[in-house]
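The figures that follow rest on heavy atoms only: side chains count, while hydrogens, waters and symmetry mates do not.
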Amino acid sequence: MTDRNDDLFSAARTVIPGGVNSPVRAYGSVGGTPRFLASAKGATVTDAAGNEYVDLVASWGPALLGHAQPEVVAAVQEAATRGLSFGAPTEGEVELAALIADRVRFGEVRPIERVRLVSTGTEATMTAIRLARGATGRDLLVKFAGHYHGHSDGLLAAAGSGVATLALPGSAGVPAPIAAQTLVIDYNDPDALAAVFAEHGDRIAAVIVEAAAANMGVVPPLPGFNRLLADTAHAHGALLILDEVLTGFRVYPAGFWGLQAAAGEDYLPDIITFGKVVGGGMPLAALGGRAEVMDMLAPLGPVYQAGTLSGNPLSVAAGLATLRLATPEVYATVDAAAARVARALDAALTDAGVTHAVAHAGNLFSASFRASAPRTYAEAQAQESFRYAPFFHAMREQGVALPPSVFEAWFLTAAHGDEELQRIEAALPIAAAAAAAATA
């Protein structure tokens, strides 16, 4: 007997490629039928069959305050009464840009003087790369294996045979000459960084890096690594693009850069990209940086970027409400909830005898099924990932929704109270036993 989720997935596959509009939603790495969500509130989501789950996906990050936070919803509703889209400047986008620039600071250090609002994280990183190339007059880009910066052509590149080898396409439809403009090296590897700049330094426009990797599981930068990236790039006349689409305003009021600055790691990225939380769950992203770089964007400069829905008034309203409500108390609540769940996860897997490591980047965390936390993409891949599918389904059967891939971060929200946390804690030993019993 099928339920509503099965029926919807069958119908979706007849009109949508793979039945989903973003690949991870298809449950390809865990198997089974995706849950088609009908509603969400606070720390829970409800699927089309009426099943409620404590949510640890949080729309892949934006729901910092919890789903359908009343003040955010009210802000969007009020904005909608004034019009859905204008294709013209609005007062709200000026306020949001100023708020972004003001939040990203540590003391008197403020890396953002100008902000451009766009619609998606992919658009933000794509624009940042074009801007870096325009600012430097160079073509090559350095990125790290396992880091995800959206699906624009130049970023879907697979590493070549060596640190100085130009990349090959990592997706059908990406022309080889475009992929060849990207140099893919190992993350957290100072020697690889030095080698690629020694070989190509005078042709490299920028290094792009997730502030803390969270698309191969959570893999934080080694101490000093982000500073080394900035120092190395700047020594060769290149820029550093810090991708905070996922971490920005989720792990700290000033993002992961601010979290590192508060811990004493001082470095200045040239461009920072934002998404997820900055739009409060609506389609909105941004890039920001110092004025001399950002002012190269049209209409002031020669680097073209445009978008009819950039600065959409509903998205701006959601972003403003979310950031204004994201107080230090909210971050303290999310941090405490994340730490509690991470401890329970570690304890459950330990008690079940499952080899694992739990890695953290602020309040983001994930488990890998290997003896030590990975530092590179190759290490992240070298784990007993077959244990995650039974773990995932056991959690779902207990009413807890996890990301449908072992290579994703877990997200808590300010709405996860003691009742929801207890439900997670009760489910974890059952899921850990399922992981322990799994076979390749």
One pair to check against salt bridge (charged side-chain N to carboxylate O under 4.0 Å, His left out): Arg114 and Asp295. What are the steps and the verdict?
CA-CA 8 Å; Arg114 302 280 193 275; Asp295 284 349; 3.2 Å; yes

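- At most 12 heavy atoms of other shown residues, nucleotides or ligands fall within 6.0 angstrom of atom OH in Tyr377.
- Not less than 6.0 angstrom separates the ring centroid of Phe369 from the ring centroid of His356.
- Residue Tyr304 places its OH atom among 12 or fewer non-hydrogen atoms of other residues, nucleotides or ligands, all under 6.0 Å distant.
- Inter-residue side-chain proximity for Trp257 and Val104 is flagged as met; some heavy-atom pair is nearer than 4.5 Å.
- Atom CZ of Arg396 has more than 12 neighbouring heavy atoms from other residues, nucleotides or ligands inside a 6.0 Å radius.
- Ring pair Tyr27/His393 is perpendicular by interplanar angle, where above 60° counts as perpendicular and below 30° as parallel.
- Side chains of Asn215 and His149: no donor on one and acceptor on the other come within 3.5 Å.
- Checked against a 6.0 Å centroid threshold, the rings of Tyr331 and Tyr252 do not count as neighbours.
- Under the 3.5 Å distance criterion, with hydrogens and angles disregarded, a donor-acceptor pair is assigned to the side chains of Glu244 and Thr247.
- Note that CG of Leu8 and CZ of Arg35 are 10.5 Å apart. Values are rounded to the nearest 0.5 Å.
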Is there a salt bridge (charged side-chain N to carboxylate O under 4.0 Å, His left out) between Asp270 and Arg290 once you walk through the steps?
CA-CA 7 Å; Asp270 299 284; Arg290 65 181 190 274; 2.3 Å; yes

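- Of the options Thr333, Val330, Val334, a side-chain contact (heavy atoms from CB on, under 4.5 Å) to Leu65 is made by Val330 and by none of the others.
- At a cut-off of 3.5 Å, with distance as the only test, a side-chain donor of Thr273 or Asp243 sits close to an acceptor on the other residue.
- Judged by distance alone, the side chains of Glu329 and Thr327 do bring a donor and an acceptor atom under 3.5 Å apart.
- Using cut-offs of 30° and 60° for the angle between ring planes, the His147 and Tyr187 rings count as perpendicular.
- The two residues His234 and Leu268 make their nearest non-hydrogen contact at CE1-O, 3.3 Å.
- Relative ring orientation between Phe225 and Phe144 is described as perpendicular, the plane-to-plane angle rising above 60° on a 0-90° scale split at 30° and 60°.
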Audit row: Arg116, Gln305, side-chain hydrogen bond (donor to acceptor under 3.5 Å, both in side chains) steps and yes/no:
CA-CA 10 Å; Arg116 174 62 60 92; Gln305 180 275 331; 2.6 Å; yes

